[in-house]
Trainee: 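So that we are looking at the same thing, I have put the structure below in structure tokens.
Naming: A, B, ... by sequence-line order, numbering from 1 per chain. Values in this document were obtained by computation on a predicted structure and should not be read as measured data.
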There are 2 protein chains.
Amino acid sequence: MAQDAMARPRGATLRDVATVAGVSVSTASKALNGRAHVHPDTRRRVMDAAERLSFTPNVLAQNLTSGQSGTVGLITNDLEGRFSIPILMGAENAFGAGKMSVFLCDARGDAIRERYHLQALLSRRVDGIIVVGSRTDVRPSLGHEIPVPVVYVYAPSDDPEDLSLLPDNVGAGQQAVDHLLSIGRRTIAHIAGDPTYAAAQDRVRGIQHAMAAAQLPLVAPTPFGNWSEAWGRAATRQLLATHPEVDGLICGSDQIARGALDALRDLGRDVPRDVAVVGFDNWEILATGSAPPLTSVDMNFEALGRMAAERVFAALDGERQAGIVTQPCRLVVRGSTIDGA
Amino acid sequence: MAQDAMARPRGATLRDVATVAGVSVSTASKALNGRAHVHPDTRRRVMDAAERLSFTPNVLAQNLTSGQSGTVGLITNDLEGRFSIPILMGAENAFGAGKMSVFLCDARGDAIRERYHLQALLSRRVDGIIVVGSRTDVRPSLGHEIPVPVVYVYAPSDDPEDLSLLPDNVGAGQQAVDHLLSIGRRTIAHIAGDPTYAAAQDRVRGIQHAMAAAQLPLVAPTPFGNWSEAWGRAATRQLLATHPEVDGLICGSDQIARGALDALRDLGRDVPRDVAVVGFDNWEILATGSAPPLTSVDMNFEALGRMAAERVFAALDGERQAGIVTQPCRLVVRGSTIDGA
DNA sequence: CTGTTAGCGCGTTCAC
DNA sequence: GTGAACGCGCTAACAG
């Protein structure tokens with residue numbers, strides 16, 4: 001778009017800088033890279049020339065030598081970018097902004113497209129691949145023929161030789177219970193999400209475990225459904241009809257929790273006075289928009305992304321690692337459990 | 001992670017393939033690229049060797065010659081990825097998956113970080129830059145010193161020499177009105193979002209224009225607030241208190257619309273029978289979760305992304321273009337305006 | 001201190 | 001039908 005862009009389509013090169021500064025290319029290289037054995041005056045001139053030409057080193061060419069590209073590929077299967085974005089941010093931040101760039105591509109849950117993107121990424125010589133799934137269930141490994149480290153996030157690989165990073169959904173369930181107990185609730189029920197999701201089962205396990213530890217029963221058997229607000233509304237109405245004494249309600253997702261809040265209001269129950277409600281995911285747009293705003297357990301995706309990037313580069317440094325690593329979740333308290341919070 | 005990965009950290013090169021196949025590099029190159037003057041048997045051997053070594057051509061090196069990298073940088077200021085993701089998908093799909101890859105980076109609305117990412121992207125020799133803003137207000141241009149085409153999406157550049165792509169928010173307002181009129185609503189009100197956003201003002205203009213064209217007044221002066229559900233709830237209560245006759249309600253965003261639905265239910269109004277409600281943005285998670293689901297005007301981000309990518313490459317082909325281009329929006333009808341839809 | 005030379009991985013002429 | 005030579009932009013050994 002710039003005028004000079006047409007004349008010099010790809011920007012100034014080191015050669016241009018060297019010419020302008022009246023030195024050789026290698027001297028210019030050394031000067032700009034702050035390496036020794038360069039006279040201060042020479043360095044000045046080179047720096048000035050670079051400045052004047054608004055020279056940008058070609059990282060690709062730089063890395064042609066080193067073999068690394070400072071680039072990571074992120075293959076997601078999470079259409080809405082709900083997980084991918086925070087994970088990407090985390091990865092980007094792992095080494096300071098700009099030091100590493102992330103290719104993002106969406107495979108839409110399609111294995112063919114996934115391999116296609118994998119190929120495209122490898123051909124661009126990414127230093128590593130981060131694969132993000134849309135559910136915490138195991139997924140097929142991309143295999144071990146890949147010449148760069150691969151880290152699976154959220155959806156673990158079915159191959160124990162691979163490294164998979166997961167949020168601790170069991171712990172998340174425990175945190176939800178512990179919070180309700182800490183604010184004095186004793187008559188607690190859980191409305192779970194889609195039973196085919198490992199995340200749903202894990203959260204249930206964590207909840208049951210924490211309740212058992214407190215020597216309390218769940219006031220009703222846990223109903224499973226899906227992750228929708230509609231399910232939250234229906235299940236809550238059902239639950240309150242049979243167990244009106246409930247004073248603490250854990251919902252399998254923020255969407256379910258939103259449905260629960262709706263139903264509770266329709267039933268004339270005050271939240272949090274009559275019933276305290278906790279969700280999972282801490283999906284901002286849902287959790288902060290409701291009345292009252294929703295207490296929720298955050299999956300810490302950003303930390304997962306940061307860790308994923310770190311592991312990729314650790315693997316490049318030869319550090320072999322495998323198995324499933326879980327990352328603790330984080331409870332975010334809002335008005336649905338503590339008035340005015 | 002793979003065993004061979006440690007031995008040959010960066011994957012097989014064309015040279016490796018040639019060696020294994022017992023031919024020269026150039027022969028291997030021609031064979032793999034399906035070019036003529038290669039004996040079929042030779043080609044076979046080369047292909048086999050490439051297969052065996054799981055050889056991936058290095059696009060970076062390929063493009064070292066052509067000067068293009070098949071890569072676009074996407075700088076976003078939209079933290080939640082609400083706009084960026086669909087725009088990215090659109091860009092990715094513009095030329096068929098894998099043909100082009102997208103670097104995504106988030107500048108968090110910070111000009112410094114933006115320039116930093118710009119630098120990082122340029123140094124990776126992207127073929128073009130797409131800048132995505134979080135609001136449709138004009139934003140400072142990145143300047144014309146950039147050696148690749150830049151396209152601004154959602155937030156237009158303040159420099160008319162730049163190319164900016166925007167959703168047609170005025171048209172979106174008109175579509176909302178036309179839809180309500182088409183289902184027989186005549187007593188229409190609008191609850192606007194944050195008045196400091198151009199998008200809010202544009203939608204208001206479109207709505208006023210369409211109402212004027214139908215020779216109908218808005219039943220109440222349009223209140224401005226912010227984009228939240230809380231504002232939607234408050235404004236709706238206020239509106240219904242003074243104008244209980246409203247039968248069509250246009251909300252400045254899906255969040256506001258969700259708040260409106262809440263308030264309407266509290267007031268005992270049936271949606272859509274008593275009041276039909278339309279939102280803007282078609283934010284799936286909000287629009288489909290409510291009861292009833294929300295009719296909303298979609299901003300067509302994916303189309304914007306596709307167009308952005310096309311314009312980048314058109315510019316590379318020398319096609320100069322500038323100014324602001326708007327893209328029509330798309331009404332998505334659901335149960336909040338037509339029963340059961 | 002500075003310049004020269006040799007690659008990095010690949011496609012692309014060219015001569016053979 | 002094949003192979004050597006060149007270049008892309010840069011860094012890293014060496015020479016000077």
Trainee: Show, in sequence, the C-alpha distance, side-chain angles and deciding distance for B:D48 and B:R52, and conclude whether the salt bridge (charged side-chain N to carboxylate O under 4.0 Å, His left out) test is met.
Mentor: CA-CA 6 Å; B:D48 286 352; B:R52 199 136 21 95; 5.7 Å; no
Trainee: Does a side-chain N or O of A:N58 approach OP1 or OP2 of D:dC8 to a distance below 4.0 Å, or not?
Mentor: no
Trainee: Pairs under 3.5 angstrom only: tabulate donor-acceptor contacts from the side chains of residues 130-138 of chain B to other protein residues two or more places apart or in another chain.
Mentor:
unit_1	atom_1	unit_2	atom_2	d
B:R135	NE	B:D137	OD1	2.8
B:R135	NH2	B:D137	OD1	3.4
B:R135	NH2	B:T196	O	2.6
B:R135	NH2	B:T196	OG1	3.3
B:T136	OG1	B:A199	N	3.0
B:D137	OD1	B:A198	N	3.3
B:D137	OD2	B:A198	N	3.0

Trainee: Near DNA chain C, which residues from residues 36-51 of chain A have a heavy atom under 4.0 Å away?
Mentor: A:H37, A:V38, A:H39, A:T42
Trainee: Under the ring pair (Phe, Tyr, Trp, His ring centres under 6.0 Å) rule, collect the residues that match up with A:F55, sequence neighbours excluded.
Mentor: none
Trainee: Residues in salt bridge (charged side-chain N to carboxylate O under 4.0 Å, His left out) with B:R35, at least two apart?
Mentor: none
Trainee: What I want to check is whether the side chains of B:R124 and B:T71 have a donor and an acceptor closer together than 3.5 Å.
Mentor: no
Trainee: Can you tell me how far C1' of C:dG9 sits from CG of B:N33, to the nearest Å?
Mentor: 13 Å
Trainee: Quick one: which residue pairs count as a ring pair (Phe, Tyr, Trp, His ring centres under 6.0 Å) with a foot in residues 13-36 of chain A, not counting sequence neighbours?
Mentor: none
Trainee: Phosphate oxygens OP1/OP2 of D:dC8: is one of them under 4.0 Å from a side-chain N or O of A:R15?
Mentor: yes
Trainee: Would you say a side-chain N or O of A:R35 is under 4.0 Å from OP1 or OP2 of D:dA13?
Mentor: no
Trainee: Rounded off to whole Å, could you give me the CZ-to-P distance for the B:R125 and D:dG9 pair?
Mentor: 8 Å
Trainee: Within residues 17-29 of chain A, find the residues that approach DNA chain C with a heavy atom at under 4.0 Å, and present them sorted by residue number.
Mentor: A:V23, A:S24, A:S26, A:T27
Trainee: Please list, chain by chain and in numerical order, all residues satisfying side-chain hydrogen bond (donor to acceptor under 3.5 Å, both in side chains) with B:S164, sequence neighbours excluded.
Mentor: none
Trainee: Tell me, please, which residues at least two apart from B:Y152 pass ring pair (Phe, Tyr, Trp, His ring centres under 6.0 Å).
Mentor: none
Trainee: Taking side-chain hydrogen bond (donor to acceptor under 3.5 Å, both in side chains) as the definition, give me every residue that meets it alongside A:D158, ordered by chain and number, with sequence neighbours left out.
Mentor: none
Trainee: Would you indicate which nucleotide in C:dG9, D:dG9, D:dT11 comes nearest to any side-chain atom of A:Q62?
Mentor: D:dT11
Trainee: So which protein nitrogen or oxygen atoms get under 3.5 Å of nucleotides 14-16 of chain C's nitrogens or oxygens?
Mentor:
none

Trainee: CG of A:L14 versus P of C:dT2: gap in Å, rounded?
Mentor: 15 Å
Trainee: Check side-chain hydrogen bond (donor to acceptor under 3.5 Å, both in side chains) between B:R43 and all other residues, then give those that pass, not counting sequence neighbours.
Mentor: none
Trainee: With B:R139, which residues qualify under salt bridge (charged side-chain N to carboxylate O under 4.0 Å, His left out), at least two apart?
Mentor: B:E114
